[in-house]
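As the structure is a computational prediction, the values presented were derived from the model and not from experiment.
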Amino acid sequence: MGRKLDPTRKEKRGPGRKARKQRGAEVELARFLPPGKCGLDRPAAAPLHPRPSDPFLVQTLLWCASRARLIVLVKSPWASSLAVVGDSLTVFPPAEPPDLQVIHQRIQGNMEVLQDFGVKREEGRSRQEYLALLRRDMATYYSYSDFLLTKLMDIFPLPELVNFLEANEVPRPVTIRTNTLKTRRRDLAQALINRGVNLDPLGKWSKTGLVIYDSTVPIGATPEYLAGHYMLQGASSLLPVMALAPQENERILDMCCAPGGKTSYIAQLMKNTGMILANDSSAERLRSVVGNLHRLGVTNAVVSNCDGRQFPKVLGGFDRVLLDAPCSGTGVISKDPAVKTNKDEMDILRCAHLQKELILSAIDSVNAASETGGYIVYCTCSIMVEENEWVVDYALKKRNVRLVATGLDFGKEGFTRFKDRRFHPSLKSTRRFYPHTHNMDGFFIAKFKKFSNAIPQAQKGNTEPHGFFSWCPSLLSDKGPAVAAAAPPAVPDTDTVVTEPPPKKKKRERSKAEEEQKLPQPALKKKHSLQAQKRPSKAVWPFPGMMRPKVLTKKKKHRVKANGQ
């Protein structure tokens with residue numbers, strides 16, 4: 001099989017049988033393909049498509065394709081243009097990929113027009129048409145879903161939106177946190193530099209962070225890492241612990257602790273004093289928490305596996321609580337590009353509903369009478385307003401808490417108004433962090449101070465929907481009236497019950513009825529009317545063949561006597 005040796009020249013003469021068959025198949029295939037789609041040039045007289053009158057060619061191609069004889073069908077860029085339908089072979093023109101350079105130029109042109117719309121706009125074109133075209137081009141160029149890009153256009157101005165989308169295409173720098181329970185940052189930096197690591201301090205705002213530019217050794221497998229001298233941790237995840245500002249000998253709850261970076265940072269700020277309860281609802285993720293706490297030398301932490309929404313029923317009275325709530329992850333797109341397309345409106349609503357339950361549970365777990373604490377820090381790695389400002393504003397209405405300064409001297413202020421929503425003015429003290437402005441993952445941080453352990457009761461007439469209906473106008477239009485109609489009977493008017501005693505109220509009603517009628521009623525007629533109300537009707541009586549009780553017969557005799565009198 002294959003090529004044979006020439007006995008005179010000791011060389012193989014010509015192609016073998018398999019090669020000749022492959023060559024013949026390629027020649028036949030090139031007859032109906034466009035020019036340039038195959039390594040062979042199509043003859044000028046050959047048709048572009050297989051002729052229905054040539055069944056031998058169709059049968060040959062089907063046989064070769066079914067037995068993988070034509071390897072070029074799989075490896076060539078026009079393989080997707082062939083499709084077998086029944087007993088025939090159909091040839092489709094290959095799909096043309098979008099020209100990204102043209103789309104990028106169109107995005108820049110539309111941005112310039114929208115910034116000076118009155119002068120540069122085309123006649124007969126509205127601003128909505130320009131925005132729709134820009135959104136479609138951005139979704140194609142940056143590979144975002146139309147839903148997520150619409151949300152981002154509501155949050156950012158157009159020039160800042162482009163910077164945000166560009167920043168998500170670049171990974172964030174690798175940062176580590178020095179474990180001061182075992183070493184100092186200066187000593188750790190020197191040890192890593194000796195191993196060939198190029199690093200710098202993270203910034204003036206952090207005393208423990210280091211940023212890694214490049215390294216000749218794997219950062220997650222150095223002897224210093226295995227000894228627990230540092231922890232691989234994003235720069236944005238250091239900020240919530242700094243805002244929490246834990247003190248020594250306190251009781252602190254980390255409600256969603258996995259994988260343990262924030263918990264270990266709290267422990268080193270507390271110098272292994274007091275008690276930290278590291279809780280997470282996922283038992284699988286708690287394994288990494290236990291491993292990191294052992295490696296970093298944390299001895300004041302207790303690990304628990306409990307649903308955070310039920311935590312006040314389990315244990316309470318903490319001085320401080322850190323809630324890094326699960327979210328949609330729209331601030332860490334550079335780490336997880338799948339967020340661009342796999343998130344929709346219902347995902348955002350589910351996350352917001354869960355976050356509202358968790359934040360109320362976190363507030364109820366704090367002791368307002370704590371001498372040093374009484375603080376709650378709420379943070380997410382999302383930039384959606386539905387998961388941040390709306391959740392914080394909801395907590396302000398449902399519990400006796402107020403917002404205080406986070407203690408971070410950088411970051412953008414939170415929204416006090418968003419589209420048609422108006423939030424509490426104190427939301428200016430919350431902080432937002434973006435990848436294009438701070439070179440870290442998108443993050444949101446809010447800090448509460450609890451001033452009373454009492455839970456305020458719902459006020460009468462407060463029919464404002466919450467949960468899913470507070471975020472989605474389409475659901476609100478269907479469910480809102482029903483909720484509002486059912487709300488007044490469900491909430492009793494406790495104020496009227498307290499201020500107006502029942503006897504006085506009955507007297508006033510009786511006097512009004514007498515004034516309206518102005519006719520004296522005999523006591524006998526009133527007695528007969530009461531007896532008629534108490535007596536069951538014949539239709540209601542379940543036993544037609546049995547005698548009625550004696551009480552009813554006595555009343556009947558009494559009625560006869562009364563009529564006789």
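In this structure, E389 pairs ionically with R432, as a charged nitrogen and a carboxylate oxygen lie closer than 4.0 Å. A salt bridge links K151 to E386: at least one charged side-chain nitrogen sits closer than 4.0 Å to a carboxylate oxygen. Between R320 and E250, at least one side-chain N (NZ, or NE/NH1/NH2) sits under 4.0 Å from a carboxylate O, which counts as a salt bridge. Between D364 and R399, at least one side-chain nitrogen of the basic residue sits less than 4.0 Å from a carboxylate oxygen of the acidic one, meeting the salt-bridge criterion.
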Item to check | Trace of the side chain to side chain donor-acceptor pair (under 3.5 Å) decision for E169 with S334 | outcome: CA-CA 6 Å; E169 303 300 318; S334 60; over 6 Å; no

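The salt bridge (charged side-chain N to carboxylate O under 4.0 Å, His left out) test applied to D187 returns R184, not counting sequence neighbours. In this structure, the ring-ring contact (aromatic ring centres under 6.0 Å, His included) partners of Y130, at least two apart in sequence or on a different chain, are F117.
A donor and an acceptor atom, one from each side chain of D307 and S281, are nowhere located under 3.5 Å apart. Side-chain atoms of S264 and R177 form a donor-acceptor pair, as typed in the model, at a separation below 3.5 Å. When only modelled atom types and interatomic distance are considered, S361 and Q310 share no side-chain donor-acceptor pair under 3.5 Å. For the residue pair H436 and E166, no side-chain donor N or O sits within less than 3.5 Å of a side-chain acceptor on the partner. Side-chain atoms of Y265 and S237 form no donor-acceptor pair, as typed in the model, at a separation below 3.5 Å.
A distance-only check finds a donor-acceptor pair linking the side chain of K450 to the backbone of V366 [under 3.5 Å]. No donor-acceptor pair under 3.5 Å is formed between the side chain of D137 and the backbone N or O of I107. At least one donor-acceptor pair closer than 3.5 Å links the side chain of N388 to the backbone N or O of S382. Judged by distance alone, the side chain of T183 and the main-chain N or O of H229 form no donor-acceptor pair under 3.5 Å. Distance alone, capped at 3.5 Å, is enough to place a donor-acceptor pair between the N194 side chain and the Q190 backbone. Checked by atom type and distance alone, the side chain of K449 pairs as donor or acceptor with a backbone atom of G373 at under 3.5 Å. In terms of modelled atom types and a separation under 3.5 Å, the side chain of N179 and the main chain of L296 share a donor-acceptor contact. Remark: side-chain polar atoms of H438 are not paired, donor with acceptor, to backbone N or O of M440 under 3.5 angstrom. Proximity of a side-chain donor or acceptor of K343 to a complementary backbone N or O of L148 within less than 3.5 Å is not detected.
Two residues are said to be in side-chain contact when any heavy atoms from C-beta on lie closer than 4.5 Å; V392 and L427 meet this criterion. In this structure, V321 and I252 have side chains that are not in contact, with every pair of non-hydrogen atoms separated by 4.5 Å or more. Contact check for L323 versus L253: no side-chain heavy atoms found under the 4.5 Å cut-off. Contact annotation: the side chain of R106 never approaches that of R136 to less than 4.5 Å [non-hydrogen atoms, C-beta and beyond]. Annotation: side chain of P246 is not in contact with side chain of D319 (no heavy-atom distance under 4.5 Å).
One finds the CG atom of L403 at 5.0 Å from the CZ atom of F448 (value rounded to the nearest 0.5 Å). Of the inter-residue distances, the one linking D154 atom CG with M384 atom CE reads 9.0 Å to the nearest 0.5 angstrom. With rounding to the nearest 0.5 angstrom, the CG atom of L239 is 4.5 Å from the CZ atom of F433.
A cation-pi arrangement, defined by a distance under 6.0 Å to the six-membered ring centre and an angle within 45 degrees of its axis, is present between R295 and Y225. Geometric assessment of K412 against the ring of Y434 yields a negative cation-pi assignment under the 6.0 Å and 45° thresholds.
A side-chain contact (heavy atoms from CB on, under 4.5 Å) with P435 is found for exactly one of N168, V170, N163, namely N168.
In the displayed structure, R422 atom CZ is contacted under 6.0 Å by more than 12 heavy atoms of other residues, nucleotides or ligands.
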